[in-house]
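A quick write-up on the structure given underneath.
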2 protein chains.
Amino acid sequence: MLIISDVLRGHTETIILAHLINKDSYGYEINKAIQEKTQGSFELKEATLYTAFRRLEQAGCIISYWGGEETGARRRYYAITENGKQLYAENKTDWEKAKQLIDKLTGACTN
Amino acid sequence: MLIISDVLRGHTETIILAHLINKDSYGYEINKAIQEKTQGSFELKEATLYTAFRRLEQAGCIISYWGGEETGARRRYYAITENGKQLYAENKTDWEKAKQLIDKLTGACTN
DNA sequence: CGCGATACCTCGCCTGTCAATGTATATTTT
DNA sequence: AAAATATACATTGACAGGCGAGGTATCGCG
């Protein structure tokens with residue numbers, strides 16, 4: 001991985017939720033989508049992904065159902081809930097704030 | 001703390017280095033500076049701060065020396081090294097990349 | 001003298017990441 | 001038909017960074 005993963009830490013859930021906003025999806029597909037989007041410069045590890053799914057489901061932010069085994073192995077689909085949409089919105093505004101804050105704090109100070 | 005700390009994770013060292021770029025400083029002062037800069041919306045916890053100092057010193061990114069007890073308790077000053085300046089520069093470019101990446105990945109996807 | 005501010009430090013827990021490993025099925029290759 | 005590859009999900013155990021809680025010491029003020 002080219003990008004230091006500690007910086008990405010804490011964004012896993014938001015990344016997942018972002019992918020579920022428009023349509024239901026499943027782990028493998030989300031992972032592939034991320035790899036394509038970032039052209040390999042960042043990969044969500046499977047273990048990380050699935051533990052995040054567990055967290056989100058337990059928090060009532062997503063729900064899961066089995067389906068769509070037509071093409072290959074069985075898939076567990078996830079759908080975002082109202083809770084999830086709310087969390088996504090919160091995380092997005094938090095991120096905007098955090099971005100500014102980090103920019104300010106990591107700028108060489110002249111005082 | 002208002003901002004989710006996991007998002008800030010991994011930036012502690014960069015924040016410290018940023019404060020040492022222009023002048024030597026010590027823990028308490030750096031902490032106070034951060035609190036003022038962010039108007040209380042983010043506080044680097046002492047335990048976090050001092051463990052980060054240890055890490056940075058062990059990595060040869062900063063060096064420490066005792067001094068300046070004139071006003072109160074004794075202070076341990078830190079100075080940035082060439083290694084530290086390099087790490088700072090790397091972290092900054094990483095951050096720019098990561099910012100773009102996160103923005104891209106947490107945007108609701110329309111595909 | 002007690003209290004608050006200054007200043008530093010450590011222990012142990014918690015949480016998120018991830019390498020390693022395992023399972024099962026479908027498709028493609030040999 | 002067997003082997004390899006791709007699809008797809010899941011768990012375990014280790015690791016690292018953040019931080020709550022607690023501790024030490026000095027100085028000035030009332």
Side-chain angles (χ1 to χ4, degrees), chain A residues 1-17 19 24-36 42-59 61-62 64-78 87 91 98 101-102 105, chain B residues 1-16 24-36 42-59 61-62 64-78 91 98 102 105:
Chain A
M1 188 177 326
L2 299 172
I3 298 288
I4 290 127
S5 56
D6 245 346
V7 176
L8 274 307
R9 191 189 176 102
H11 295 284
T12 310
E13 297 181 7
T14 317
I15 292 170
I16 292 172
L17 292 174
H19 275 264
D24 294 7
S25 189
Y26 56 98
Y28 199 82
E29 188 180 51
I30 290 175
N31 217 10
K32 279 273 172 291
I34 290 166
Q35 277 171 51
E36 275 170 41
F42 171 62
E43 186 194 358
L44 233 182
K45 300 303 182 310
E46 290 202 348
T48 307
L49 189 67
Y50 289 112
T51 50
F53 280 141
R54 297 289 153 273
R55 272 201 308 278
L56 285 167
E57 188 158 28
Q58 245 194 320
C61 293
I62 56 175
S64 67
Y65 57 93
W66 289 100
E69 292 101 338
E70 318 90 10
T71 41
R74 100 238 107 115
R75 296 172 183 164
R76 188 200 278 276
Y77 279 87
Y78 294 96
L87 178 63
N91 285 359
L101 214 53
I102 293 169
L105 288 173
Chain B
M1 190 177 325
L2 298 171
I3 299 288
I4 289 126
S5 56
D6 247 342
V7 176
L8 276 305
R9 191 192 175 101
H11 295 283
T12 311
E13 297 180 7
T14 316
I15 291 170
I16 291 172
D24 295 6
S25 189
Y26 55 98
Y28 199 83
E29 189 181 51
I30 290 175
N31 217 9
K32 280 273 173 293
I34 290 166
Q35 277 172 50
E36 274 170 40
F42 171 63
E43 186 193 358
L44 234 183
K45 299 303 182 309
E46 290 203 348
T48 307
L49 189 67
Y50 288 113
T51 51
F53 279 140
R54 296 292 151 269
R55 274 201 307 278
L56 285 168
E57 189 159 28
Q58 244 192 323
C61 293
I62 56 174
S64 67
Y65 57 93
W66 289 101
E69 293 101 337
E70 319 89 10
T71 40
R74 98 238 108 117
R75 294 171 184 165
R76 189 200 277 275
Y77 279 86
Y78 294 96
N91 285 359
I102 294 169
L105 289 172

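Because the structure is a prediction, the values reported are computed rather than measured. So you know, we letter chains A, B, ... as the sequences are listed, proteins then strands, and number each from 1.
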Check against side chain to side chain contact (heavy atoms under 4.5 Å, CB included), B:H11 and A:V7:
CA-CA 7 Å; B:H11 295 283; A:V7 176; 3.9 Å; yes
Choosing from D:dA10, C:dT17, C:dA7, which nucleotide comes nearest the side chain of A:T12?
C:dT17
Protein-nucleotide distance (B:Y50, atom OH; D:dA21, atom C1'), rounded to Å:
16 Å
Output the distance between atom OG (A:S64) and atom CZ (A:R75), rounded to the nearest 0.5 Å.
15.5 Å
d(CG, A:L44; P, D:dA8) in whole Å
17 Å
Nearest to the side chain of B:Y78 - C:dC8, C:dT17, C:dC9?
C:dC9
By nearest atom, which of the nucleotides D:dA8, D:dC19, C:dA20 is closest to the A:Y28 side chain?
D:dA8
Within the structure shown, what part of the strands sits under 4.0 Å from B:E29 by heavy-atom distance: base, sugar-phosphate, or nothing?
nothing
Tell me the interatomic distance from A:L56, atom CG, to C:dT15, atom P, rounded to whole angstroms.
15 Å
Do A:E46 side-chain and C:dC18 base share a donor-acceptor contact under 3.5 Å?
no
Atom-pair distance (OH on A:Y26; C1' on C:dT25), nearest Å:
14 Å
Nearest-nucleotide wise, let me know which of B:F53 and B:K32 is further upstream toward the 5' end of DNA chain C.
B:K32
Nucleotide D:dA8, atom P - distance to OH of A:Y65 in whole Å:
14 Å
Shortest side-chain distance from A:R55, nucleotide among C:dT17, D:dG17, D:dC9:
C:dT17
Can you tell me if B:T51 uses its side chain to pair, donor with acceptor, with the backbone of B:A47 under 3.5 Å?
yes
Note, A:F42 side chain near B:L105 side chain (heavy atom, < 4.5 Å)
yes
Do B:R9 and B:D6 make a side-chain contact, defined as non-hydrogen atoms from C-beta onward lying under 4.5 Å apart?
yes
Among D:dA10, C:dC11, C:dC8, which nucleotide has an atom closest to any side-chain atom of B:A47?
C:dC11
Please verify the inter-ring angle class for B:Y78 with B:F53; under 30° counts as parallel, over 60° as perpendicular, anything in between as tilted.
parallel
Rounded to whole Å, how long is the line connecting atom NZ of A:K45 with atom P of C:dA19?
5 Å
Return the nearest nucleotide to the side chain of B:T48; candidates are D:dC19, D:dC9, C:dT17.
D:dC19
By nearest atom, which of the nucleotides C:dT6, C:dA20, C:dG16 is closest to the B:A73 side chain?
C:dT6
B:R74 side chain: which of C:dT17, C:dA7, D:dT11 is closest?
C:dA7
To the nearest angstrom, the CG-C1' distance between B:L49 and C:dC9 comes to 11 Å
CZ of A:R75 versus C1' of D:dA10: gap in Å, rounded?
17 Å
From C-beta outward on A:R9, which listed nucleotide comes closest to its side chain: D:dA10, D:dT12, C:dT15?
C:dT15
Nearest to side-chain heavy atoms of A:R54, which nucleotide of D:dC19, C:dC9, D:dT11:
D:dT11
